[in-house]
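Here the structure is laid out as structure tokens; the discussion comes afterwards.
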Amino acid sequence: MAEQGEEAQRPWGRVAPAAVRPAGRPASDGASEPPLVAELPALVTSVPAEGLLHGAVRVEDLSHGWVRPWRVLSAQQRSLTSCMAWYPGIFRQMAACTSGITLEFETDSSHVVVEVRLDAEPRATRNVLAGVDGAGEPLAHDGLSVDVDGRHRKPAMPTSAEGILPEARGDVLLVDLTRSGRSRAGGLQPLPGMGPARHVRVWLPCLRGCELGRVCGDGTFIRPIAPRDTMLVLGDSLSQGFCADDPAKAWPSVVAPRLGLDLVNQSIGAQVFQPTALTGAEAMGLSPKLVVVALGANYRYGRCGERVVGREIADFLMRVDELWGDSPLVVLVPATEGREAVSGSCYEQVPGLIAAAASRVRRRRVSEGSPVLLVSQMPVLPASCLADEDGHPTAKGNARIVDFVMDELEKLDCRCLAELGEFGRCGACRHKVTANRHGSRKAGERGGHAGESRADDEAPFVPGSLMELPFE
């Protein structure tokens, strides 16, 4: 394990106000208000929230039908809080956060209510957000947000159940599914079962954990959405969703739905390449359609030797390959430009160490005809897209990362990458190499391999490749 830095050098070592903050509002404002409705009809339908979960790898049973969703297994959680971790105290707090976990269902209700009990905001979260809020009033930069038939609603914090669901054993999130948020036709509401069926996705908080009870509605049914293939992300705070101000706006939360995939986001704030973090991961039983590794940025905060870090990176990527060798793998290399590291850190060498470790995995995959491995350098975001000095992207910055990642994923079509291990190596690839709007190389205009006919573009997709994914 690499040597840890001093407390003052830890990425989230700043002191911050200890307020629990509603999303997008000052701490003094109190809880967010529910949407305005003229009169809430009887909530005649209810189902356990557990059956609607997507993105949770385990569910902890609590009393009275309540559950706690987790995005890491118990064995992983123990490893994250062990002496093998860089910051076990921070990792313990971050592992409990519900980043990437959603409730997803169809209903004919006009209003739905989610029973939810939020955890207190972790100290590690507060310390990061202190650098964003500065001297201003502290904000939560988090909450529960909702997509209704693909239309996004801004995040909000749960409110008291009084007057909404009196028998609830916690707070509730009330969602008005009608288009305007108010009653239609002079105050008339559709009769239960007479309204249109709506597709609802509720994004749970990304910067804290929560417990769930029931999902209730005023219609006749609440139906779960069948599980999809999975996109697995192993990253740090940038992909966990810090400073995106909305759990649905973190770049993995946008990329996965665009690919038609469910998301398992095991990004842990302050994390580095910790091989033991994957302890017992085979018990998840995942066969991801895509695995993304986005680590390395936090080496700038601690003293670490090149030899030790190189071994950590190599062991981590080899373990990922052992677990999910049948899945395409994308490794995103952190942008080190303009990022000053603490004295004694090998941060500037990290991109080269990642490339060297990935080349070993790539050679095995190419020789055995396994799904491809792609290494991509993350773009340098402008200051207007960053929320703080630590380089956490805002919602706008996350949107730029989404564009970059979607561009890079198109390279997984490249036969040169699969057969030779290098994108566009033959010079006449299906995707010619051009400069994209991020200044990186991207998959652009389609051509064809030398000696191939144009009709080959219509050939069946290679099993296990991402050519069959529904890119948008």
Side-chain angles (χ1 to χ4, degrees), residues 229 231-235 239 251-252 254-261 288-296 317 320-321 324-335 351 354-380 399-450 452 454 456-472:
D229 288 330
M231 169 180 161
L232 173 63
V233 178
L234 307 169
S239 42
W251 69 260
V254 179
V255 169
R258 287 194 183 181
L259 299 177
L261 302 175
K289 199 73 171 180
L290 173 65
V291 179
V292 180
V293 175
L295 291 165
L317 293 182
V320 169
D321 190 49
W324 302 294
D326 293 331
S327 302
L329 173 59
V330 176
V331 180
L332 300 179
V333 180
I354 294 175
S359 67
R360 302 185 189 102
V361 176
R362 181 186 291 115
R363 285 196 295 269
R364 184 206 67 78
R365 291 195 171 210
V366 171
S367 65
E368 298 181 8
S370 300
V372 299
L373 182 152
L374 175 67
V375 178
S376 297
Q377 178 77 46
M378 289 285 281
V380 177
R400 288 205 177 195
I401 295 176
V402 169
D403 290 340
F404 168 79
V405 171
M406 295 301 294
D407 284 343
E408 293 298 294
L409 290 180
E410 292 184 13
K411 295 181 180 180
L412 297 176
D413 276 356
C414 175
R415 289 191 179 181
C416 290
L417 190 62
E419 298 172 1
L420 304 174
E422 183 177 340
F423 173 75
R425 181 173 177 179
C426 72
C429 192
R430 291 167 61 91
H431 293 87
K432 295 179 182 177
V433 179
T434 60
N436 67 10
R437 56 185 173 277
H438 313 286
S440 63
R441 289 154 65 90
K442 68 161 284 184
E445 179 183 355
R446 283 183 175 272
H449 275 269
E452 292 182 349
R454 186 67 178 177
D456 186 66
D457 286 346
E458 307 301 325
F461 294 134
V462 178
S465 77
L466 281 187
M467 295 170 66
E468 58 193 311
L469 285 179
F471 292 107
E472 296 181 0

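Basis for what follows: all heavy atoms, side chains included, without hydrogens, waters or symmetry-related copies. What you see is a predicted model, and the numbers here were worked out from it, not measured in a lab.
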- Counterpart residues, side chain to side chain contact (heavy atoms under 4.5 Å, CB included), relative to Ser376 (two or more places apart): Leu332, Leu374, Phe404, Glu408
- Item | With Val333 via side chain to side chain contact (heavy atoms under 4.5 Å, CB included) - residues at least two apart | Pro351, Ile354, Val375, Gln377
- Evaluation steps, side chain to side chain contact (heavy atoms under 4.5 Å, CB included), between Arg258 and Val402: CA-CA 10 Å; Arg258 287 194 183 181; Val402 169; 3.6 Å; yes
- Query: Going through the distances and angles, do Leu409 and Val255 end up as a side chain to side chain contact (heavy atoms under 4.5 Å, CB included)?
  - Reply: CA-CA 10 Å; Leu409 290 180; Val255 169; 4.2 Å; yes
- Query: Ser327 side chain to Val291 main-chain N or O, any donor-acceptor pair under 3.5 Å?
  - Reply: no
- Query: When you measure from the side chain of Arg365 to the backbone N and O of Pro371, does any donor-acceptor pair fall under 3.5 Å?
  - Reply: yes
Say you draw a straight line from [atom1] of [X] to [atom2] of [Y]; how long is it, rounded to the nearest 0.5 Å?
X: Ile401; Y: Met406; atom1: CD1; atom2: CE; result: 14.5 Å
X: Lys411; Y: Glu422; atom1: NZ; atom2: CD; result: 11.0 Å
X: Ser239; Y: Trp251; atom1: OG; atom2: CH2; result: 5.5 Å
X: Leu329; Y: Leu290; atom1: CG; atom2: CG; result: 8.5 Å
X: Leu373; Y: Arg364; atom1: CG; atom2: CZ; result: 9.5 Å

- When every non-hydrogen atom of Pro257 is compared with those of Pro252, the smallest separation belongs to CD-O, 4.3 Å
- Val366 versus Ala418, closest heavy-atom pair with distance: CG2-O, 3.9 Å
- Task: Show the numbers, then the answer: is there a side chain to side chain contact (heavy atoms under 4.5 Å, CB included) between Leu317 and Val331?
- Result: CA-CA 9 Å; Leu317 293 182; Val331 180; 4.2 Å; yes
- Side-chain heavy-atom pair Arg363, Ser359 within 4.5 angstrom cut-off: yes
